[in-house]
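Because only heavy atoms are used, hydrogens play no part in the values below, and waters and symmetry mates are left out as well, while side chains stay in. Just so you know, residue 1 is the first one in the sequence shown, and it goes up from there. Every value quoted in this text rests on a predicted model; they were computed, and no experiment measured them.
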Amino acid sequence: MSRLIVISNRVSVPNPMGAKGAQGGLAVALSAALREYGGIWFGWSGQETDEFTGHLDVQRNAGVTTATIDLEAQDVDEYYNGYANRTLWPLFHYRIDLTEYDRNFGEGYERVNARFADNVAPLIEQDDLVWIHDYHLLPLASLLRQKGLKNQIGLFLHTPWPPARLLVTLPFHERLVTSMLACDVIGFQTEEWLESFLHYVRKELELPVSDDGSIEYEGRTVYARAFPIGIDYDDFVEGANSPEATAAYEKLRKSTRGRKVLIGVDRLDYSKGLGERLDSFGRFLTVNPDMAKDVVMLQIAPPSRGDVASYQQIREDLERKAGHINGAHADVAWVPIRYVNRGYPRTELAGFYRAADIGLVTPLRDGMNLVAKEYVAAQNPDDPGVLILSRFAGAALQLSDALLVNPMSADEVSETIKHAIDMPLAERKERHAALLASVRDEHVGKWTDDFIAVLANPVSEDAAPLEAE
Ligand code: GDG
C-alpha cells in the first residue's frame, strides 16, 4: 500500500498518549489516515528562526510521524500574514475590499512554497500519495513537479473558490491557477466552488473541461471534484456526553434561568458575519420587546490572526457593537449578549451547544462551516435546538433542513429567530433528524477515505463522475 504524505501550513502533533482532546476533527482524521497508511505530516512549526536552515524537526507520536520546519520572520510576514491572510483569504471570501495586493507578499509566498518543496521532496518516496491542504500552498504541486516528482498529488481547498470576475483582480492569477494544474486531483468543499473553478479554467485559461470535471492540461488529466468535509461524529457525540460537557450544559442553563439561549461559536474572522449577527439580534430585541427579556445570546469568538490589521479592526468593532446593544437593552438583572473573546475545550463547547435552543451560524461566506455540524451533533434528539444557517456557508448545501437565511438581512434573521423560538417540538425533531443523518453519514473519516481513494486511482469507476456546468 502507498504511504501518505500530508502537507499543510501548520501541523497538528498528536498527543503522545494518544488522547484526542487537543486536536480538532480535521487533525484527528488526518492523523487516523496517517496511522493507517503510514507516512509523514509536513508543515511549518509555527516558530520563527533568525535564519532559515531547513532543519527538520521529526517526531513520532501516537503512531504519526510529523516533520516541521521553522520560518524566518519575513517569511511569516509575507507568506502567512501577507499573501495567505491579507490577499487570498479575503479574495476567496469575496472581500476584494479587504484584499491587499502587494508584490512582496507574492514573492514571500513563492519563496515559502519553494522552501516547503525543497524540504519535503527528499522525504517523498516513489509510490507515496501526496495530499496538499489549502490556500497557503496552491503552487506547491508545480514546484514538486519541477523537482521531478511523478507521484499522485492532490490538493484540497478548505475555503470557497471565488467567481472568475473577482479572481481576475489578482495580479498573476493565471500563473497561480495554472500552477495548481500540476496536481492530479483538486478537491473543493462544494459543487458551487467547483463550478466557479471550472468556469475560470474554461474562460480565463481556455482549457478543455469535460462534464465529469476533468481538465486536459499539457497532455495530462486533472480531476476537479467536490468532497464535502464533515466532523468526527462519533468522537464529538462521545465528547457531548462527557462529564465536562454535562457540567458546561448545566452551567449555561443555570445561569440563563430558563431563557431561550442562542449560541454562536466562531473564530474571530470577518467572513463569519459576526457584526451582522449582532445587528440581527439587536433588531430582534427591538422588534420583539415582549420576548426580549426571555432570550440570551452567547457568542464565543476566540481571536485569530491578530497580526493582521483587519482582524484587529473587527475585534474592536464587535466589542463596540456588543457594548452598544447591551447598553441599549440590558437591565440590572439581564444582559442580552454574552460576548466571550476566548476559546473553550471541545467537550465544554459541546455542552454549550446542547444547552442552546438556537444555533446561529451566519457566515457571509464559508467554505463549509463545521460549527453548524457540531451544533446538530450535540443536540438531544428528543428535544433538539434549531439551526439557523447562512445560505452562503458551504454546509447549507447538505444541511438544507436548517432554517436557511441571508445573513446580510437583519430583518430576515430577526424574523427567523422568532420563527425558531416558536417552532413546535414535532417540527424541531423532524428537521433535526434529517440534519443529523447528514452530519452522521458525511463524517470526516469518510471524507479522508473518499479523497484518498480518488487520489490513489482517479480514473477508476469508483471515482464517481460529477455533474459539471
Ligand atoms: C476552515 C474553513 C471549513 C471554534 N471556537 C472554538 C473551537 N472552534 C472550532 C469549532 C470548529 C472549528 O474551530 C472551526 O471550524 P469552521 O469550519 O467553522 O471554520 P474555519 O476555522 O474557518 O475553517 C471552513 C474548515 O476549514 C474545514 O475544512 O469548514 O469553511 O473556513 O471545529 O468547534 N474549538 C475549541 N474551542 C473554541 O473556543 N476547542
Side-chain angles (χ1 to χ4, degrees), residues 1-8 11 25-43 63-67 116-117 120-134 137-145 147-158 179-191 193-194 197-198 209-230 232 368 441-468:
M1 191 168 79
S2 307
R3 296 190 319 164
L4 180 66
I5 306 293
V6 173
I7 312 175
S8 54
V11 170
L26 171 60
V28 169
L30 290 175
S31 298
L34 283 162
R35 246 175 246 123
E36 183 182 341
Y37 288 81
I40 298 168
W41 189 346
F42 176 90
V64 177
T65 304
T66 53
F116 267 56
V120 74
L123 307 178
I124 301 175
E125 295 173 5
Q126 198 178 358
D127 293 325
D128 289 350
L129 299 172
V130 179
W131 188 1
I132 300 170
H133 287 261
D134 232 359
L137 302 173
L138 300 181
L140 182 59
S142 72
L143 297 166
L144 291 172
R145 294 283 183 229
K147 293 181 171 297
L149 259 78
K150 304 261 186 298
N151 304 60
Q152 287 293 113
I153 305 182
L155 167 70
F156 183 81
L157 192 69
H158 292 260
S179 73
M180 293 166 65
L181 301 179
C183 295
D184 300 286
V185 177
I186 305 179
F188 297 90
Q189 300 272 24
T190 69
E191 303 282 329
W193 319 137
L194 171 66
F197 178 77
L198 295 178
V209 177
S210 333
D211 287 349
D212 70 351
S214 56
I215 303 159
E216 296 304 321
Y217 178 62
E218 292 189 337
R220 296 171 43 256
T221 304
V222 184
Y223 289 87
R225 299 240 337 226
F227 298 86
I229 197 169
D232 186 345
M368 174 56 66
D441 296 347
E442 304 291 319
H443 57 89
V444 71
K446 177 174 181 297
W447 173 79
T448 50
D449 288 351
D450 287 352
F451 192 94
I452 293 169
V454 174
L455 179 60
N457 196 0
V459 287
S460 84
E461 304 252 311
D462 294 337
L466 261 188
E467 301 278 317

How about [X] and [Y]: do any of their side-chain heavy atoms sit closer than 4.5 Å?
X	Y	answer
Trp41	Thr65	no
Ile40	Ile124	no
Leu123	Ile5	no
Ile186	Leu157	no
Ile7	Val130	yes

Looking only at heavy atoms, what is the nearest atom pair of [X] and [Y], with distance?
X	Y	answer
Pro139	Ser179	CA-OG, 3.3 Å
Ala117	Pro122	O-CD, 4.5 Å
Met368	Pro228	CE-CB, 3.6 Å
Thr190	Ala226	C-CB, 3.6 Å
Val444	Gly230	CB-O, 3.3 Å
Ala121	Leu144	CB-CD2, 4.2 Å

How are the rings of [X] and [Y] set relative to one another: parallel (under 30°), tilted (30 to 60°) or perpendicular (over 60°)?
X	Y	value
Phe116	Phe42	perpendicular
Phe197	Phe188	tilted
His158	Phe156	perpendicular

For the [atom1] atom of [X] and the [atom2] atom of [Y], what is their distance to the nearest 0.5 Å?
X	Y	atom1	atom2	value
Leu155	Met180	CG	CE	5.0 Å
Leu143	Leu149	CG	CG	11.0 Å
Leu194	Leu198	CG	CG	4.5 Å
Ser8	Leu137	OG	CG	7.5 Å
Asp449	Glu36	CG	CD	6.5 Å
Asp232	Leu26	CG	CG	10.5 Å

Give a yes or no on whether the backbone of [Y] and the side-chain of [X] come within a donor-acceptor separation of less than 3.5 Å.
X	Y	answer
Asp128	Glu125	yes
Ser214	Ser210	no
Asn151	Gln126	yes
Arg35	Gly63	no
Gln152	Leu455	yes
Arg3	Asp127	no
Trp447	Phe227	yes
Asp184	Ile153	yes

Salt-bridge contact Asp212-Arg225 (side-chain N to carboxylate O under 4.0 Å): no
